[in-house]
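Here the structure is laid out as structure tokens; the discussion comes afterwards.
Values reported hereafter were calculated over all heavy atoms of this structure, with side chains retained and with hydrogens, waters and symmetry mates removed. Per chain, numbering begins at 1; letters A, B, ... match sequence-line order.
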Amino acid sequence: MDEHYSPAQVEKDAQAYWDTHQSFKAVEDPKREKFYCLSMFPYPSGKLHMGHVRNYTIGDVITRHQRMHGKNVLQPMGWDAFGLPAENAAMANGVPPAKWTYDNIAYMRKQLKSLGFAIDWGRELATCKPEYYKWNQWLFLRMLEKGIAYKKTGVVNWDPVDQTVLANEQVIDGRGWRTGAVIEKREIPMYYLAITQYAEELLVDLDKLPEWPERVRAMQANWIGKSTGVRFAFPYKLDDRDEKLWVFTTRADTIMGVTFCAVAAEHPLATHAAKNSPKLQAFIDECKRGTVMEADIATMEKKGIPAGISVTHPLTGEPIPVWVGNYVLMGYGEGAVMAVPAHDERDFHFAKQYKLPIKQVIGVEGEKFSTDTWQEWYADKERGRCVRSGKYDGLGYGVAVDAIAADLKAKGLGAKQVIWRLRDWGVSRQRYWGCPIPIIHCDHCGDVPVPDKDLPVVLPEDCVPDGSGNPLTKRPDFVNCLCPKCGKPARRETDTMDTFVDSSWYYARFCSSDIANAMVDERVKYWMPVDQYIGGIEHAILHLLYSRFWSKVMRDMQLVSYDEPFSRLLTQGMVLNEIFFRKPPTGRIIYFNPADVELKLDDRGQRIGAVFKSDGQPVESGGIGTMSKSKNNGIDPQALIEQYGADTARLFTMFAAPPEMTLEWSDEGVAGAYRFLKRLWKLVADHVSKPFPAKCDFTNLSPALRDLRRQVHQTLAKVTDDIGRRRTFNTAIAAVMELANALGKLEDGSDAARAVRHEALELMTLILSPIVPHITHALWLALGHQGSVADRRWPPVDTTALKQDNLEIVVQVNGKLRGRVSVPVQAADDKVREIALADEAVARYVTGKDVKKVIVVPGKLVNIVVAG
RNA sequence: GCGAAUGUGGCGAAAUUGGUAGACGCGCUGGAUUUAGGUUCCAGUGGGGAAACCCUUGGGAGUUCGAGUCUCCCCAUUCGCACCA
């Protein structure tokens, strides 16, 4: 065995072995228990980033660990290959998105292979291939037939200069990212998927996912947002016709406190009122130009203007003025709200700003209402009781809502209703690099679905977007077609599907990615659902919710039989790195890559400054942030693999933080991981440089060797639990490092010691193999074995090795640590108490004092409570 | 703004069920060996104190024999908010 660890050679050898033996090819076998381990597939953006390395290493550790437990494991890989960045690259470089995407896939596939992941590459797929997206189109048509897919207008960002629709991401401070033109909102026809039809099931079935992180389930539940309230109307007259202004509220108990109503700029009432008011029209136009993003709406200044119209309060009959407000959205609820300034914080501030009346109708015992400042209790549902509300006085929230809803119902002006925060999923994108929506527009027949036999509608791969609209519209060979119904010339739909469609069912396709005549086949029954899904926390809501929805639609079409696609979910944290910059007096901030920055430390290791290596001049620190191009703080995994090898990259990312937490990059930490692998290599090399020890009777070891052997099996037990149950890879690695330190200190050269060391090294090699598969592949061979460590079974704990005669017990006096005593394992509590009280160090704190109580925690500690 | 999370030495972190705070790693200090240097090995390393001992888990209160862990209030940071993926 070579004395020096050479990762490049070691990794090449291990990968060659796995390749020639097809070690990770997954074959359905009903006799074996399956385990489907899936990491979220990457967008082929160019090269791997650290987030990918982290994601796929976590998946690979779980995959290899499950394999060693005898499971039939499937770990596939594919490409989420449609999307906006390919079009941006096309604009920048003049390369068609297809070529850019395929080149990136080729490069990134090579990178993934160099990291040694136990992937079944035979099932690889890319969502931009017609054989994949054909089934997006096919299922979309089935949804259309069932009324799950439908057409209505939706609002988009319109760049008036480029004459194109922009993604939210391409709108910066209300302006187009390329043109700088002020963005307008524009309403266009779009296709929607009725995810709200599944809202109840998507909410209730969260209970079927106990192995999902609590926080993700909470976020999904909030997103779906079930609320029960009252939908009711304010009647009014319009040109002598009787009309109704409908609103929805969860606080019907405050209805007697309504002092005005507010409607969205797009509301018909606003449109009507603006006919005679240029000022109102101007305000409406301003609102219509504004943002469509919820976060902006929530934080922007609330503005309003009176519509000059009044409606009638449905219970009191009083006239209620109507305002047009920029914070009311047409897309939510009814596009109109009742305003109760006394009991809604937003209404309160709006009323103060525009000097509108504030009328208290809820009171809390002992609290005094004042219109000067908002107080939390004004909106308190639990403690509040109706006041100044006539017949409702004294009623609490639930009772009041029921009584008021009943009265509104009697007048035919409203009823209780459940509403959802969840909105239907708009899937139309006015973009080229996506899956074409299979619809043909005919002047005679309207919107005609493409017949199944004509699927897929193939996207031409040679377009080069230039930023002005969708290039598909300029492709007569794509657009011009014949109507499938009447045969007359017609136009093909040029919108493509949201890329979330592609990622909503790829996990099912991996089970049978080779078939051409169906979306999925019977193999999904064997592999699905995914046993372990791993991906970024940033996908906690949208991707996971859409995938759950899509699964339920496929189930209702009898394509699959599972209710939920992902049994267990691990959401990995982001990879962060420090941000360095200089801010010139004029011009833009310049960011420096941390690899090019040198830190200045004082002699205690405390940071005193940082300089750019090339010029030695200081740079400022902008704190820690997610690795991103814009902040130039990314680390290229490729450079890391070339310098230290894949195992070091894998070891560091698993060791630096638990998987669900953010991970801060550290070059020194990487070097530390490499050091450990070198030490491990040397431990084995030194050991195998002498003849292997003969079989040894472990029941008759010296106390020191017994202790060491106990530590070996304690470590095995801990690592088994940390990887298999807790998924805390960092503590598993720390435990093995501790063991390696103990082993390094063992200088005993006896036969027994060499036998203990041999067992320890074998076990360490086995249990580290999921994390660092290449080096352990080589060490396993060096330790005298054949074949691959990856194919070995996980070792069992020798429980006899764990036995000990005495335990160390901590002794506290009044909760403070005062001593340690050794007690026999089987000692009763009384005996432990006696030994503790007799201890010299403890006696100093107890003698002459009144012992009030002694608490004995078996196997752990004794706490002596004394007076004074 | 709403929703979700996080906060522990100089740094990344550990403490799994309310029971020894700081495992493991990095950095730093001193020493040894080797080298042109990176390397490797040994010892030390939360703060204060001569010591006994005291203090210490973002801040403040509380429950408990005992709180990093539970409860309440406050502060800071990060993620998501529907056309980035």
### Query
Do you know which two heavy atoms are closest between A:I183 and A:R175, and how far apart they sit?
CG1-C, 3.6 Å

Which atom pairs, one a donor and one an acceptor, fall under 3.5 Å between side chains of residues 79-90 of chain A and the rest of the protein, sequence neighbours left out?
unit_1, atom_1, unit_2, atom_2, d
A:W79, NE1, A:E124, OE2, 2.8
A:E87, OE2, A:Y432, N, 3.1
A:E87, OE2, A:W433, N, 2.8

### Query
If the sugar-phosphate is the primed atoms plus P, OP1 and OP2 and the base is the rest, what is the B/S/- string for nucleotides 30-38 of chain B, using protein heavy atoms under 4.0 Å?
---------

### Task
Quick one: label A:Q430 by what it contacts on the DNA or RNA (base, sugar-phosphate, nothing), any heavy atom closer than 4.0 Å.
base

#### Entry: A:E668 with A:R675: basic N within carboxylate O range, under 4.0 Å
no

### Task
For A:Y192, answer base if it contacts any base atom (sugar-phosphate contacts may also be present), sugar-phosphate if it contacts only those atoms, and nothing otherwise; contact means non-hydrogen atoms under 4.0 Å.
nothing

### Task
Can you figure out which of B:G25, B:A82, B:C26 approaches the side chain of A:F655 most closely?
B:G25

### Message
So A:D721, base contact, sugar-phosphate only, or nothing? Heavy-atom distance under 4.0 Å.
### Response
base

### Task
Can you check whether any acceptor in the base of B:U17 is under 3.5 Å from a donor in the side chain of A:K860, or vice versa?
no

### Query
Across the strands shown, which category fits A:K852 at heavy-atom distances under 4.0 angstrom: base, sugar-phosphate, nothing?
nothing

#### Entry: Sugar-phosphate only, base, or nothing, as touched by A:A656 at under 4.0 Å among non-hydrogen atoms
sugar-phosphate

### Task
Just call it for A:T299: base, sugar-phosphate, or nothing, with non-hydrogen atoms closer than 4.0 Å on any strand.
base

### Message
Using the P atom as the point on both nucleotides, what is the distance between B:G58 and B:G12, in whole Å?
### Response
13 Å

### Summary
Rounded to whole Å, the CG-P distance (A:L817 to B:C54) equals 11 Å

### Query
Quantified in whole Å, what is the P atom distance between nucleotide B:G60 and nucleotide B:A67?
15 Å

#### Entry: Upstream residue (5' side of RNA chain B) when A:R820 and A:A218 are each assigned their closest nucleotide
A:A218

### Query
If the C1' atom of B:C24 is compared with that of B:A36, how far apart are they to the nearest Å?
34 Å

### Message
In whole Å, measure the gap between the P atoms of B:C74 and B:C2 for me.
### Response
12 Å

### Query
Heavy atoms under 4.0 Å, any strand shown: does A:F676 hit a base, just sugar-phosphate, or nothing?
nothing

### Task
Tell me what A:Y43 touches on the nucleic acid: a base, only sugar-phosphate, or nothing, going by heavy atoms under 4.0 Å.
sugar-phosphate

### Summary
Taken to the nearest whole Å, CD1/A:I297 to P/B:C81 is 14 Å

### Query
Which glycosidic conformation, syn or anti, is assigned to B:G62 if syn requires a torsion within 90° of zero?
anti

For residues 538-545 of chain A, which side-chain donor-acceptor pairs fall under 3.5 Å, sequence neighbours excluded?
unit_1, atom_1, unit_2, atom_2, d
A:H543, NE2, A:Y533, OH, 2.7

### Message
What does the B/S/- profile of nucleotides 57-80 of chain B look like, 5' to 3', with a 4.0 Å heavy-atom cutoff to protein?
### Response
--------B-------------SS

### Query
Which whole number of Å gives the distance between the P atom of B:A23 and that of B:G9?
13 Å

### Query
Where the side chain of A:W681 meets the backbone of A:D2, is there a donor-acceptor pair that is under 3.5 Å apart?
yes

### Query
Quick one: ring pair (Phe, Tyr, Trp, His ring centres under 6.0 Å) partners of A:F350, sequence neighbours excluded?
A:F260, A:W323, A:Y327, A:Y354

#### Entry: Atom-pair distance (NE2 on A:H543; P on B:C81), nearest Å
14 Å

### Task
Identify, with sequence neighbours excluded, every residue that meets side chain to side chain donor-acceptor pair (under 3.5 Å) alongside A:E187.
A:T153

### Message
According to salt bridge (Lys or Arg N to Asp or Glu O under 4.0 Å), does anything in residues 44-54 of chain A pair up with another residue at least two apart or in another chain? List the pairs.
### Response
A:K47-A:D636

### Message
Under 4.0 Å, counting only non-hydrogen atoms across every strand here, what does A:P42 touch: a base, just sugar-phosphate, or nothing?
### Response
nothing

### Task
Report the residues that fulfil ring pair (Phe, Tyr, Trp, His ring centres under 6.0 Å) with A:W377, sequence neighbours left out, ordered by chain and then residue number.
none

### Query
Mind checking the C1' distance from B:A50 to B:C54? Whole angstroms is fine.
15 Å

### salt_bridge(A:R178, A:D162) N-O dist < 4.0 Å
yes

### Query
Under 4.0 Å between a Lys/Arg side-chain N and an Asp/Glu carboxylate O for A:E598 and A:K613?
no

## Note on the structure
Under a 4.0 Å heavy-atom cutoff, the residues of residues 726-736 of chain A touching RNA chain B are A:R726, A:N730, A:T731, A:A734

### Task
Mind calculating the distance between CD (A:Q572) and C1' (B:A5) to the nearest angstrom?
16 Å

### Query
So does A:R675 reach the base of B:U40 with its side chain, donor to acceptor, closer than 3.5 Å?
no

### Task
Could you tell me whether A:D686 and A:K682 have a side-chain N and a carboxylate O separated by less than 4.0 Å?
yes

### Query
Contact class for A:R679 (heavy atom, under 4.0 Å): base, sugar-phosphate, or nothing?
sugar-phosphate

### Task
Would you mind telling me which of B:G1, B:G19, B:U16 lies closest to the side-chain atoms of A:V857?
B:G19

### Task
Classify the nucleic acid contact of A:M497 as base, sugar-phosphate or nothing, counting any heavy atom under 4.0 Å across all strands shown.
nothing

### Task
Write down the distance between CG (A:L545) and P (B:C81), rounded to a whole number of angstrom.
13 Å

### Query
If you check every side-chain atom of A:E664, which of B:C26, B:G12, B:A85 has the closest atom?
B:G12

### Query
OP1, OP2 of B:G19 versus side-chain N and O of A:K816: anything below 4.0 Å?
no

### Message
So A:K302, base contact, sugar-phosphate only, or nothing? Heavy-atom distance under 4.0 Å.
### Response
nothing

### Message
For A:T164, run the side-chain contact (heavy atoms from CB on, under 4.5 Å) check against A:N157, A:D159, A:N470, A:V156 and tell me which one passes.
### Response
A:D159

### Task
Please step through salt bridge (charged side-chain N to carboxylate O under 4.0 Å, His left out) for the pair A:E808 and A:K860, ending with a clear verdict.
CA-CA 8 Å; A:E808 186 179 77; A:K860 285 224 167 114; over 6 Å; no

### Query
Base, sugar-phosphate, or nothing: which does A:V854 touch, judged by heavy atoms less than 4.0 Å apart?
nothing

### Message
Can you work out whether A:R215 or A:D498 has the more 5'-proximal nearest nucleotide on RNA chain B?
### Response
A:R215

### Any donor-acceptor pair under 3.5 Å from A:Q220 side chain to A:R217 backbone
no

### Task
Return the stems involving RNA chain B, sorted by first number, where pairs are Watson-Crick (N1-N3 with N6-O4 or O6-N4) or G-U wobble (N1-O2 and O6-N3), both under 3.5 Å, and runs are 3 or more long.
B:1-7 with B:75-81, B:10-12 with B:24-26, B:27-32 with B:40-45, B:46-48 with B:53-55, B:58-62 with B:70-74

### Message
For residues 720-730 of chain A, which residue pairs pass the salt bridge (Lys or Arg N to Asp or Glu O under 4.0 Å) check, not counting sequence neighbours?
### Response
A:K718-A:D722, A:D721-A:R725, A:D722-A:R726

### Query
Atom CE of A:M654 to atom C1' of B:G12: distance rounded to whole Å?
14 Å

### Task
Under the side chain to side chain donor-acceptor pair (under 3.5 Å) rule, collect the residues that match up with A:Y198, sequence neighbours excluded.
A:D556

### Query
Just how far, in rounded Å, is P of B:G25 from CE of A:M737?
6 Å

